Amino acid sequence: MFKKLASWDSIIILLTVLVLIVASVVVDNFGTSRNFTFMVLDLMPIILVALPMTFIIITGEIDLSVASVLGLTSSLMGWLWNHDMAIQTIIPLCIVIGAVAGALNGFLITGLGLPSLAVTIGTLALYRGLAFVVLGDSAVADFPFNFTGWVTGTLGDGSIPNVLIPIIAMAVVFGVILHATPVGRALYAIGANAQAAHFSGIRVARTKLWLYVVSGAVSGLVGVLWTLRYSSARADNGAGLELAVVAAVLLGGVSIFGGKGSLPGVLAGVVLLTALQNALRLEDVSGQALNIVTGALLVLSVLLPNIVTTVRGNWQRRRLRQSAAQ
Amino acid sequence: MTPLALQKPRKPTMNLLKTRELGILLALALLVLYTTINNPRFLSGQSIRDNLLNTAILAVMATGQAIVVITRNIDLSVGSVLGISAWTAATMMSDHQGLPMIVAILVGLAVGAVAGLLNGVLVRYGKVPALVVTLGTLYIYRGITYQWAGGSQVNADKLPAHFLNFANDSLLGIPWLVLIALLVVGGATLVMRNYRVGRELYAMGSSPQAAELAGIKVARNLLGAFVLSGALAGLAGVLFAARFGTVDASAGTGYELNVVAAVVVGGVAVFGGSGTVWGAGLGALLLTVISSALAVLDINQFWQQAIVGALIILAICADRLVAVRIARSLRKRDAHV
Amino acid sequence: MLRHRLAVTISAASILTLAVAGCGGTTKKNSSDTGGGAQTAASANPNAQLKTGLKIAYLPKQLNNPYSDVETSGGEAAVKELQGEYKKVGPNDASASSQVSYINTLIQQQQDVIVIAANDPNAVCPSLNQARSAKIKIVTFDSDASKACRDIFINQATTEGIGESLAKMALEQAGADGGQIAVLSATPNATNQNSWIAVMKTELAKPEYSKLKLVKVAYGNDDDQKSFQEAQGLMQSYPNLKVIVAPTTVGIAAAARYIGSSSYKGKVAVTGLGLPNQMRQYVKDGTVKKFALWNPADIGYLAAYAGAALASGQITGAQGDKFTAGKLGAYTVGANGEVVLGPPTEFTADNIDKFNF
């Protein structure tokens with residue numbers, strides 16, 4: 001019980017609930033149903049991209065190119081739409097293109113054995129650059145209303161946004177895979193010790209390759225949703241989102257070294273960041289102050305557990321020494 | 001003491017041919033040649049001066065980054081450190097018009113060093129990975145700058161003339177900015193190659209545990225690397241303010257990507273332990289020349305970022321290839337013994 | 001083997017996608033709905049009193065932009081005169097999507113008027129329409145949003161007026177022999193810059209401008225450093241350039257700084273639209289002879305009065321509606337809900353010290 005309480009992901013979940021409660025009471029207009037809709041729309045891109053990112057970081061790798069894949073698919077979506085392709089074709093095609101972009105990452109990392117940090121910094125620039133090559137600095141805006149309206153709309157006339165359905169569905173699927181299947185256990189094993197995992201029969205390279213494909217596909221999907229939400233296909237869509245996603249995942253208690261973390265923790269991390277941002281904005285606190293809060297939370301999310309471990313280790317050692325002396 | 005000393009000296013020409021830096025020089029030469037054929041003005045005095053001035057700031061930052069990366073760490077906060085230092089220098093100079101340039105430079109270095117020290121302490125004593133720490137301080141330092149600057153801006157007309165002239169003045173025909181960059185890159189290259197502390201930094205990057213066991217003062221060296229990276233980013237901030245004359249809270253946003261790109265393209269391996277500082281400087285020069293060549297060749301400017309990305313990937317593929325070949329030849333030699 | 005299977009999967013997915021394509025669907029050509037906002041068809045009451053205590057919020061393109069600071073300072077003064085509550089919020093970067101969260105927040109805070117300079121005419125539309133259905137009046141300034149999602153647009157000057165003035169200043173400064181000129185603009189999709197450049201091109205086609213040759217339109221993205229480098233690139237590509245026309249305050253300052261510190265100083269004239277405070281130094285050292293701008297503070301000022309008139313029911317934004325904007329006098333709403341501020345002011349070494357913005 002004591003151990004459970006001390007784990008970072010349960011702390012972050014508690015903290016998130018606390019922030020939500022306090023904000024609803026203290027901040028005017030925070031707890032309204034319309035604000036709930038706005039918040040869900042704001043956290044949609046981060047939460048969706050964070051799902052595969054969690055898997056990837058748990059295996060000890062990273063994917064910094066996600067926001068650029070988002071921008072690339074958004075650009076392509078606009079370009080294809082301008083070239084008179086049907087939106088019903090464009091959307092799946094964009095997801096496939098995202099998957100291909102992810103597959104290239106995966107191939108460079110698992111096929112050639114290159115470090116994922118360097119590869120995805122490279123493709124971060126490459127995919128964003130291609131996004132600009134495709135659409136330049138122009139914007140495409142005339143997407144059909146029954147698509148854009150669905151993304152910003154709510155179920156019936158209520159306050160539950162339509163996009164909450166895919167968010168929940170995907171979170172459940174990813175959560176079940178991670179926490180209740182052999183695949184999920186394999187991911188933790190790879191992150192804890194890739195070599196040991198390999199020798200125990202887990203196909204490490206293949207698993208990682210698929211993770212990057214999935215990450216690319218989800219980023220492609222988010223590119224589509226982003227474009228429809230703002231009814232604007234642009235090459236700079238989602239720029240910098242990778243930092244927010246990585247911050248949220250780490251904040252949710254996933255170790256950057258791999259092998260540790262849980263999906264509920266990550267979901268709480270995303271909600272915490274978005275809710276704080278929303279509440280501070282309603283209180284007219286500048287967005288800049290939020291930068292400081294995000295950065296500090298990120299560092300603290302790793303620093304505090306380390307300090308706790310060190311202190312507890314010292315304490316146990318002292319007790320051992322005392323009992324040995326007696 | 002140094003790993004180099006253990007190797008038998010081979011023919012220096014052969015060594016030079018094999019270096020990664022030669023590849024960059026070659027690429028650079030081809031690019032300049034092609035561009036000049038298309039537009040001879042690319043090699044005019046003004047154009048060379050512009051390119052070198054544009055490289056200077058990036059090269060200064062790439063020097064610090066290269067050293068940090070050699071120790072198997074990374075510093076993503078450099079863009080934000082540049083911002084906070086540029087803002088500090090600009091507000092200070094506009095409030096106290098009489099201050100000499102050297103004060104601005106020292107203040108910039110100091111601001112950067114403090115920021116770098118915080119990074120180093122968190123990495124070393126907080127045992128937080130450098131990627132996480134500097135991603136966090138990227139947000140924090142930028143946030144502090146925004147809080148401080150608000151929406152305001154320091155314009156060229158509020159800055160003293162000697163401060164702005166510093167970016168254009170030159171010594172013996174070489175602009176000050178370029179001299180500073182040469183000094184920083186050259187000095188760091190020398191220290192990293194020939195001095196004990198330099199070799200220790202390489203050793204730390206090759207194997208952190210082994211370095212610690214070998215009695216290297218890992219903590220001191222690591223803090224030193226981060227402080228240096230911060231201080232150089234701070235210096236870059238002052239140079240930025242002098243060169244561009246207009247500073248607001250967003251100065252240097254996204255620079256970290258260019259800096260890391262310059263270092264990686266310059267042949268410094270992200271897993272530490274290999275690469276040179278002057279390679280990183282060449283990487284900075286190459287990236288700068290590419291962007292100005294695109295403007296001169298009238299190629300759609302939007303290709304620039306894609307080309308940079310492709311270059312990074314090409315560079316790490318090349319490094320991997322070289323590493324595999326070296327490992328194979330080492331294995332062969334062992335087999336013969 | 002493994003890679004093989006991946007390739008097969010992906011190509012299978014692509015084929016499936018293309019198969020769907022064959023079945024037709026919604027394309028650009030056959031979709032015509034725009035999803036325009038719910039327009040409340042209220043009638044104007046020209047005699048309505050301006051309400052006090054109105055909450056008027058300004059949402060510029062981005063916060064740290066000296067030009068929009070001047071605009072909103074005019075707004076702040078006007079809101080004070082109107083005894084309303086002034087507020088300014090905004091993102092740190094001028095990206096299309098970052099404004100949307102701020103609009104949402106303003107809706108939650110139940111403002112009466114949102115005065116916005118749109119970063120993207122369409123990306124802000126759904127949110128602005130949500131605001132309007134929450135009875136918030138929308139005034140755009142500086143850069144318009146789609147007509148369907150705002151009530152009034154404060155136009156700094158007519159597009160024709162600015163385009164003509166840019167062409168005229170270029171001709172004056174190229175000298176008697178004319179020569180090559182280039183434009184250093186903001187972003188390639190900046191709404192107002194593009195329309196000014198279009199007018200300028202029509203002007204240049206006229207016989208009196210036959211000696212001027214527009215060789216290139218470069219884009220500095222309203223980013224100081226990028227504009228600086230673009231100016232540099234222009235001089236390398238076109239060494240005989242006579243005039244750089246920059247219809248953006250960021251571009252003209254960067255171009256002046258580059259030319260002033262290079263060997264081209266005195267040979268190349270820089271002109272366009274700039275802020276007197278930013279340009280003073282270059283006007284005094286001779287790099288810049290003349291440039292123009294409207295008074296940006298007046299734009300914010302006019303926007304506040306237009307917003308208050310809307311919120312008080314004095315006007316609805318229909319063509320022909322009339323209202324009074326404090327010290328600026330009477331205005332009439334033109335076609336498409338546009339209100340034009342007036343002609344731009346030209347600044348030279350003789351008069352620049354009279355202006356402080």
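Values reported hereafter were calculated over all heavy atoms of this structure, with side chains retained and with hydrogens, waters and symmetry mates removed. Residue numbering restarts at 1 for every chain, and letters A, B, ... go by the order of the sequence lines. In this text, all values refer to a predicted model and were calculated from it rather than measured experimentally.
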Toward chain B, the part of A/Ile256 with a non-hydrogen atom under 4.5 Å: side chain

Turns out that what part of A/Leu303 lies under 4.5 Å from chain B's heavy atoms comes down to both

Answer key: most heavy-atom pairs under 4.5 Å with chain B among A/Gly295, A/Gly240, A/Ser68 is A/Gly295

Output the distance between atom CH2 (B/Trp303) and atom CG (A/Leu130), rounded to the nearest 0.5 Å. 6.5 Å

Counting distance only, does the side-chain N/O of B/Tyr139 pair as donor-acceptor with the main-chain N or O of A/Ala244 below 3.5 Å? yes

Would you mind checking which part of B/Leu135 comes under 4.5 Å of any heavy atom in chain A, side chain (CB onward), backbone (N, CA, C, O), both or neither? both

Distance check, rounded to the nearest 0.5 Å: A/Leu108 atom CG versus B/Ile316 atom CD1? 7.0 Å

Residue by residue, which of residues 54-66 of chain A have a heavy atom closer than 4.5 Å to a heavy atom belonging to chain B? A/Ile62

Less than 4.5 Å to any heavy atom of chain A: does that hold for the side chain of B/Leu321, its backbone, both, or neither? neither

Which bit of B/Val270 is near chain A, if near means a heavy-atom gap under 4.5 Å: side chain, backbone, both or neither? side chain

Less than 4.5 Å to any heavy atom of chain B: does that hold for the side chain of A/Leu250, its backbone, both, or neither? side chain

Going by side-chain contact (heavy atoms from CB on, under 4.5 Å), name the residues that satisfy it together with A/Ser75, two or more places apart in sequence or in a different chain. A/Ala131, A/Val134, A/Leu135, A/Ala235

Can you name the nearest heavy-atom pair linking B/Gly309 to A/Ala125, along with the distance? CA-CB, 3.6 Å

Count the heavy-atom pairs under 4.5 Å between each of B/Gly126, B/Gly136, B/Ala315 and chain A, then report the option with the highest count. B/Gly136

Between A/Leu243, A/Val246, A/Thr310, the one whose heavy-atom pairs under 4.5 Å with chain B are most numerous: A/Leu243

Would you say the side-chain atoms of A/Arg128 pair up with the backbone N or O of B/Gln305, donor to acceptor, closer than 3.5 Å? no

Is it the side chain or the backbone of B/Ala310 that comes within 4.5 Å of chain A heavy atoms, both, or neither? both

Which region of B/Val132, side chain (C-beta onward) or backbone (N, CA, C, O), has a non-hydrogen atom less than 4.5 Å from a non-hydrogen atom of chain A, or is it both or neither? both

Distance check, rounded to the nearest 0.5 Å: B/Ile140 atom CD1 versus A/Ile292 atom CD1? 8.0 Å

Please flag which part of A/Phe257 lies under 4.5 Å from any non-hydrogen atom of chain B: side chain, backbone, both or neither. side chain

Going from CG on A/Leu112 to SG on B/Cys317, what distance comes out if it is rounded to the nearest 0.5 angstrom? 5.5 Å

Turns out that what part of B/Leu311 lies under 4.5 Å from chain A's heavy atoms comes down to neither

From CD1 (A/Ile121) to CG (B/Leu76), nearest 0.5 Å: 6.5 Å

Which bit of A/Ile307 comes within less than 4.5 Å of chain B, counting heavy atoms only: side chain, backbone, both or neither? neither

